[in-house]
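Everything below concerns the one structure shown next.
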Amino acid sequence: MYEQDLYEHADVINELLARYGVKFGIYKNNVFKEQLFPFDAIPRIIPGDEFAELEKGLKQRVTALNLFLKDIYGKKQIVRDKVVPEEFVYASSGYLTECEGVTPVKDIYSHISGIDLVQAKNGEWYVLEDNLRVPSGASYPMIARKLCRRSSPDTFRNVRLEDNRNYAELLRRTMDHVNVGGHTVILTPGRYNAAYFEHSYLAECTGAHLVNGSELIVENDKLYYLDSNGNKERVGAVYRRISDEYLDPMTFNPESVIGISHIFDVYRKGNVALLNAPGNGIADDKGIYYFVPKMVEYYLNEEPILHNAPTYLPFYENDMKYVLEHFDQLVLKDVAEAGGYGVVFGSSMTKEQKESFIALLKAEPRRFIAQEVIDFKDLDIMDEGKRVPRKADLRAFVLMADEPLVWKSGLTRFSRNPESFIVNSSQGGGFKDTWVLSR
């Protein structure tokens, strides 16, 4: 009954999303194109007891990843103990030597983590990747739920589910926990960024100032916000939505025109909190992903609750042998790519493509991982008035304040192509609301 009511309003909801500017942008061939992120009104439903187990696993995983980041930019004990090969650290594009010995406020590195999962047809959840740099996507289910409630209020009176409207509260708690004194700001590269809608929406919901680099200045090792009258006000926390390399032209990319000169010096001295910490890209590396279950055991002395998709590192001789023998059954991923790019299926290649790829794999084994293709659950979507099954994943959000906080919702993305396993918005996917039922 509730589904019927919701998808009867789906067109209206999508029209409202367009009116509110709920879009994402992509650059292709040096051209910026903005497009709608299609919303499907049939929600993904996760029982409360099932989500409770997911919640435990997510907290455990993000806690271990935070300990890894502290260790890898500090004593590097996990490398010395040969749990993670040093080649997988220092060869990673996400590892920043500038962050060596720099400890963020309250030892928190990943304040907002986006963990991508899929559910196999037997019900087991697998982690596909960890996003600890600048994960996006929370705003879409936030505003979609708001519009669904407005369109079909009876649905939400009659179904017992967790209220997802507390994300802004969780984010504000996270930002306040590390604020060293002063305003909290959300730093955006500007409206031509792919996730600009999210930047502005989260600023509105949390009461943080939305700023660009020209509105922040450094003086006497402190960070200040310039208001519309030119007055300077102290900033104690920056939720930055720009990549590491553009953050500070004096420390990273000198050609950056969207960063703030010397902000990294302020951060290094503990005079501002940066959410997330620079250097987190090492934990996003798909090669490092292979070792996360080992991190859980190493740092927490616990068995991992959540499992990786079965993964092979061609860097290891035995794994390379397995990959070559089972090439057609595997999906191969470039460790430095994101957004669904750099993903190829062995079964989809021509003979010439396979030969070329295998030559590259042998030449650069650290560059790739290989994974078993998980036949994950299809979720129903509405397509031209018919219910059809499509592949879908879940991005779960874990926020780190005085304790790990798991948002009881998430971003469910689905492929609109019936032949595709790739669900990313940049690859033409859509999204749906994620309902966590109350227990």
Side-chain angles (χ1 to χ4, degrees), residues 43-69 106 108-120 122-132 135-142 144-145 156 159-175 177 202 275-276 280 283-284 289 292-297 299-309 374 376-377 379 392-413 431-439:
R44 162 176 240 151
I45 298 175
I46 304 177
D49 56 350
E50 185 177 326
F51 193 84
E53 190 67 13
L54 263 182
E55 185 175 21
K56 287 194 294 185
L58 289 164
K59 288 181 177 181
Q60 181 195 60
R61 190 175 181 97
V62 170
T63 298
L65 283 163
N66 266 280
L67 290 170
F68 168 73
L69 287 163
K106 297 187 178 178
I108 300 175
Y109 287 79
S110 188
H111 309 79
I112 302 101
S113 304
I115 309 299
D116 292 345
L117 308 108
V118 293
Q119 189 174 27
N122 65 1
E124 185 170 359
W125 289 89
Y126 291 95
V127 176
L128 281 190
E129 63 182 51
D130 306 290
N131 299 279
L132 280 71
S136 63
S139 63
Y140 301 114
M142 287 172 71
R145 178 80 63 90
F156 295 90
V159 180
R160 297 188 56 176
L161 71 156
E162 299 287 352
D163 192 339
N164 80 342
R165 290 175 291 184
N166 69 335
Y167 185 82
E169 177 189 329
L170 297 178
L171 180 57
R172 188 75 216 195
R173 176 177 163 184
T174 299
M175 297 188 295
H177 181 66
L202 292 179
L275 300 84
N276 287 335
N280 278 12
D284 280 10
Y289 155 93
V292 177
K294 297 178 188 293
M295 293 177 199
V296 172
E297 296 170 357
Y299 292 117
L300 304 178
N301 196 28
E302 297 173 358
E303 286 291 319
I305 297 168
L306 292 173
H307 299 291
N308 287 358
I374 297 174
F376 51 95
K377 263 188 177 180
L379 297 181
D393 77 352
L394 171 68
R395 174 165 292 182
F397 291 90
V398 185
L399 295 90
M400 186 72 77
D402 52 324
E403 61 177 332
L405 310 166
V406 178
W407 185 36
K408 293 184 178 178
S409 185
L411 175 65
T412 291
R413 300 173 298 182
F431 81 103
K432 36 168 89 238
D433 196 1
T434 303
W435 287 9
V436 178
L437 300 183
S438 302
R439 284 184 292 167

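What's counted below: heavy atoms across the whole structure, side chains too, no hydrogens, waters or symmetry copies. As the structure is a computational prediction, the values presented were derived from the model and not from experiment.
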Between Ser113 and Val62 the two heavy atoms that sit nearest each other are OG-CG1, 3.7 Å
For side chain to side chain contact (heavy atoms under 4.5 Å, CB included), just list the numbers for Leu67 and Leu300, CA-CA rounded to whole Å, side-chain angles, deciding distance to a tenth of an Å, and then say yes or no. CA-CA 9 Å; Leu67 290 170; Leu300 304 178; 3.7 Å; yes
I'd like to know if Lys56 and Glu53 make a salt bridge, using a cut-off of under 4.0 Å between side-chain N and carboxylate O. yes
In Å, rounded to the nearest 0.5 Å, how long is the span from CD1 of Ile115 to CG of Leu128? 11.0 Å
Ignoring hydrogens and angles, tell me if any N or O in the side chain of Arg61 forms a donor-acceptor pair with the backbone of Pro293 under 3.5 Å. no
Could you tell me the separation between the NZ atom of Lys408 and the CG atom of Asn164, rounded to the nearest 0.5 Å? 12.5 Å
Nearest 0.5 Å please: distance from the CD1 atom of Ile112 over to the CG atom of Leu399. 5.5 Å
Would you compute the distance between atom OG1 of Thr63 and atom CD of Glu403 and round it to the nearest 0.5 angstrom? 10.0 Å
Spacing of CZ belonging to Arg413 relative to CZ belonging to Arg395, to within rounding of 0.5 Å: 4.5 Å
For the pair Asp402 and Arg173, find out whether any cationic side-chain nitrogen is under 4.0 Å from an anionic carboxylate oxygen. yes
For Ile45 and Pro47 the tightest heavy-atom approach is O-CD, 4.0 Å
Measure the shortest side-chain to side-chain distance between Phe68 and Val292 over non-hydrogen atoms and say whether it is less than 4.5 angstrom. no
What do you reckon, is CD of Glu303 surrounded by more than 12 foreign heavy atoms closer than 6.0 Å? no
Distance-only, no hydrogens or angles: does the Glu162 side chain make a donor-acceptor pair with backbone N or O of Trp407 under 3.5 Å? no
Mind checking whether Phe431 and Tyr140 have parallel, tilted or perpendicular rings, split at 30° and 60°? tilted
Minimum-distance pair of heavy atoms, taken over all atoms of Thr434 and Ser409: O-OG, 3.6 Å
Between Ala396 and Leu117 the two heavy atoms that sit nearest each other are CB-CD1, 3.9 Å
Carefully, step by step, assess Lys59 and Val406 under the rule side chain to side chain contact (heavy atoms under 4.5 Å, CB included). CA-CA 7 Å; Lys59 288 181 177 181; Val406 178; 3.7 Å; yes
Counting only N and O atoms by type, is there a donor-acceptor contact under 3.5 Å from the side chain of Arg44 to the main-chain atoms of Asp393? yes
Distance (rounded to the nearest 0.5 Å) between Leu161 CG and Asp433 CG: 8.0 Å
List the steps, then state whether side chain to side chain contact (heavy atoms under 4.5 Å, CB included) holds for Tyr289 with Val127. CA-CA 9 Å; Tyr289 155 93; Val127 176; 4.2 Å; yes
Can a donor-acceptor pair be found, under 3.5 Å and without considering hydrogens, that links the side chain of Asn280 to the backbone of Tyr109? yes
Non-hydrogen atoms of Leu306 and Gly57 that approach each other most closely: CD1-C, 3.5 Å
Only residue of Leu65, Thr174, Asn66 satisfying side chain to side chain contact (heavy atoms under 4.5 Å, CB included) with Met400 is Asn66
Can you confirm whether Met175 sits close enough to Leu171 that some side-chain heavy atom of one is under 4.5 Å from a side-chain heavy atom of the other? yes
Determine whether Phe156 and Asp163 make a side-chain contact, defined as any pair of heavy atoms from C-beta on separated by less than 4.5 Å. no
Is it the case that the side chain of Asp116 and the backbone of Asn131 share a donor-acceptor pair, with hydrogens and angles ignored and the cut-off at 3.5 Å? no
Within the 4.5 Å heavy-atom criterion, are Pro135 and Asn276 side-chain neighbours or not? yes
Compute the ring centroids of Trp125 and Phe51, then answer whether they are less than 6.0 Å apart. no
Nearest heavy-atom approach of Leu132 to Asp284 is N-OD1, 2.6 Å
